[in-house]
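Note that the structure is predicted; figures quoted are calculated from it, not measured.
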Amino acid sequence: MPDTSAPNGPPPGEFSELTPLVLVTGPSGAGRTTAIHVLEDMGYEAIDNLPLTLLPKLLQGGGPERPLALGIDVRNRDFTTQALIETIDGIARLTGMPMQLLYLDARPDVLMRRYSETRRRHPLAAREGAELGIARELDLLGPIRARADVLIDTSELSPHDLRAEVERWFAVRSGPDLSISVQSFSYKRGLPRGADLVLDCRFLSNPHWEPSLRALDGRDTAVQAHVEADPRFEGFRERTLSMIRFLLPAYEAEGKSYLTLAFGCTGGQHRSVALAETLAATLADEGWPVSIRHRELERKARASSAETGAAPHRDGRIETQ
């Protein structure tokens, strides 16, 4: 069996570079548990729903040897707004160590939809319906939200997006390498969150109008061949690569750890996907650490999984906790 005693995050020698303590809170359904899983994967010792009265005892003696991620929400048996605020204020006096309050938020209609999808009972309205519980909880957490050091609105985020946002704020880079995320998206659904460079490829020949290609996507060789046959493709590709090759060393020299490059087209299925695949492969061949994602294809995959009841648990949705 694999050794699961060690975290997936940075080795012990790098723990000093992590924030020693991250308190994670927010309304039920906004993704608190998902965020804690991400922090745990990064090397934090994760403790969920620790009673507030036990937190000072946990931190006695100058703080923990390993960085901590603590999940706190209204289900804690001794939770009150004032108690949490006093706890936050008391941690600095008790330990003198840096702390970050991470608040996961979402619109009420999104929280309601997530509860409807999972059929969970809201902790503040077990017998009265989730809508009333959501309103109560948002009101209760308002003063805490105002104290947040990092606030992430998960309303339009997939679990993949949320992981990227948490890592953007809390990850430690072990070296000077600049990590590149190449993405595709549909302009109909708006620009991708956190994109640094956005390029429009709607001027290229659209495979959607070819009946034999319509159901395929830009990962298919036939679609790629159609896009590359456009006489404007090669010039666009070469100029884009030239710009990126110029920018990447400059960004790296300035200490930037992440760069998100996004290609957009009308539906996010053909042209943008083909460009993202091509550019990501070229940059990876040149030695850059590259990840790739296709936002609209992921949306379709999640919708299809939901219809068949096969949606994954941790990576397929924002959890309602």
Side-chain angles (χ1 to χ4, degrees), residues 31 34 38 152 154-168 178-230 232-233 236-237 240-241 243-244 248 258-286 288-308 310-318:
T34 301
V38 176
I152 300 176
T154 71
S155 299
E156 303 298 332
L157 302 187
S158 69
H160 186 287
D161 296 327
L162 178 53
R163 171 175 287 274
E165 283 296 303
V166 173
E167 289 177 345
R168 185 187 298 272
L178 173 67
S179 294
I180 305 166
S181 174
V182 182
Q183 303 183 9
S184 66
F185 70 96
S186 164
Y187 275 98
K188 292 179 180 179
R189 294 185 176 272
L191 298 179
R193 183 184 180 91
D196 298 296
L197 299 174
V198 177
L199 294 173
D200 186 350
C201 51
R202 287 176 290 185
F203 64 90
L204 294 171
S205 178
N206 192 351
H208 175 81
W209 303 115
E210 292 292 332
S212 63
L213 302 178
R214 184 170 300 177
L216 304 178
D217 63 61
R219 297 170 297 184
D220 292 279
T221 56
V223 172
Q224 292 175 359
H226 179 95
V227 175
E228 292 172 8
D230 188 311
R232 296 164 293 189
F233 171 84
F236 178 63
R237 175 183 176 277
T240 300
L241 275 173
M243 177 186 68
I244 294 171
L248 291 182
Y258 296 94
L259 179 75
T260 300
L261 171 63
F263 291 94
C265 65
T266 305
Q269 178 176 333
H270 297 111
R271 293 166 291 181
S272 61
V273 174
L275 261 296
E277 290 283 333
T278 298
L279 269 292
T282 301
L283 293 173
D285 288 342
E286 294 178 359
W288 292 98
V290 179
S291 64
I292 188 167
R293 68 170 303 216
H294 304 298
R295 189 180 73 180
E296 315 315 334
L297 299 186
E298 290 176 9
R299 288 178 185 271
K300 291 180 180 180
R302 289 198 302 271
S304 177
S305 296
E307 289 176 0
T308 60
H313 178 60
R314 279 189 61 171
D315 297 322
R317 61 178 172 84
I318 300 290

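With values rounded to the nearest 0.5 angstrom, L204 atom CG is found 6.5 Å from F236 atom CZ. The CG atom of L283 lies 9.5 Å from the CG atom of L259; values are rounded to the nearest 0.5 Å. Rounded to the nearest 0.5 Å, atoms CG (L261) and CE (M243) are 7.0 Å apart. Rounded to the nearest 0.5 angstrom, D217 CG and E277 CD are separated by 8.5 Å.
With a 4.5 Å cut-off on side-chain heavy atoms, L241 and L279 count as touching. Between E156 and R189 there is no side-chain heavy-atom pair separated by less than 4.5 Å. F185 is listed as a side-chain neighbour of V198, based on a closest heavy-atom distance under 4.5 Å. No side-chain heavy atom of V38 sits less than 4.5 Å from a side-chain heavy atom of L162. E228 has its side chain within reach of T278: a pair of non-hydrogen atoms, C-beta onward, lies under 4.5 Å apart. For the pair I152 and L157, the minimum side-chain heavy-atom distance is below 4.5 Å.
In this structure a side-chain-to-backbone donor-acceptor pair under 3.5 Å is present from R295 to S186. When atom types are taken as modelled, the side chain of D230 and the backbone of S205 share a donor-acceptor pair closer than 3.5 angstrom. A distance-only check finds a donor-acceptor pair linking the side chain of Q224 to the backbone of G218 [under 3.5 Å]. Without hydrogens or angle criteria, Q269 side chain to R214 main chain gives a donor-acceptor distance under 3.5 Å.
Side-chain contact check for T266 and R271: at least one donor-acceptor pair (N or O, by modelled atom type) lies under 3.5 Å.
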List the steps, then state whether side chain to side chain contact (heavy atoms under 4.5 Å, CB included) holds for T154 with T34.
-> CA-CA 11 Å; T154 71; T34 301; over 6 Å; no
Y258 and D196: side chain to side chain contact (heavy atoms under 4.5 Å, CB included), yes or no, with the steps?
-> CA-CA 9 Å; Y258 296 94; D196 298 296; 5.6 Å; no
Chi angles and distances behind the side chain to side chain contact (heavy atoms under 4.5 Å, CB included) call for L275, T240 = CA-CA 10 Å; L275 261 296; T240 300; over 6 Å; no
Report the C-alpha distance between T282 and D285 in whole Å, list the side-chain angles of each, state the deciding distance to 0.1 Å, and finish with yes or no for side-chain hydrogen bond (donor to acceptor under 3.5 Å, both in side chains).
-> CA-CA 5 Å; T282 301; D285 288 342; 5.7 Å; no
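With salt bridges taken as basic N to acidic carboxylate O contacts below 4.0 Å, one links E296 and R299. Residues R293 and E298 are paired through a salt bridge, judged by an N-O separation under 4.0 Å between the basic side chain and the carboxylate.
The nearest pair of heavy atoms linking S272 to G268 is OG-CA, 3.5 Å. Heavy-atom minimum distance, D200 versus G264: OD1-O, 3.7 Å. When all heavy atoms of H270 and N206 are compared, the closest pair comes out as ND1-OD1, 4.2 Å. Nearest heavy-atom pair, P207 versus L213, reported as atom, atom and distance to 0.1 Å: O-CB, 3.7 Å. Among all heavy-atom pairs drawn from I292 and A276, the shortest one is CD1-O, 3.5 Å.
For the pair R232 and F203, the NZ or CZ position fails the cation-pi test of under 6.0 Å to the six-membered ring centre and within 45 degrees of the ring normal.
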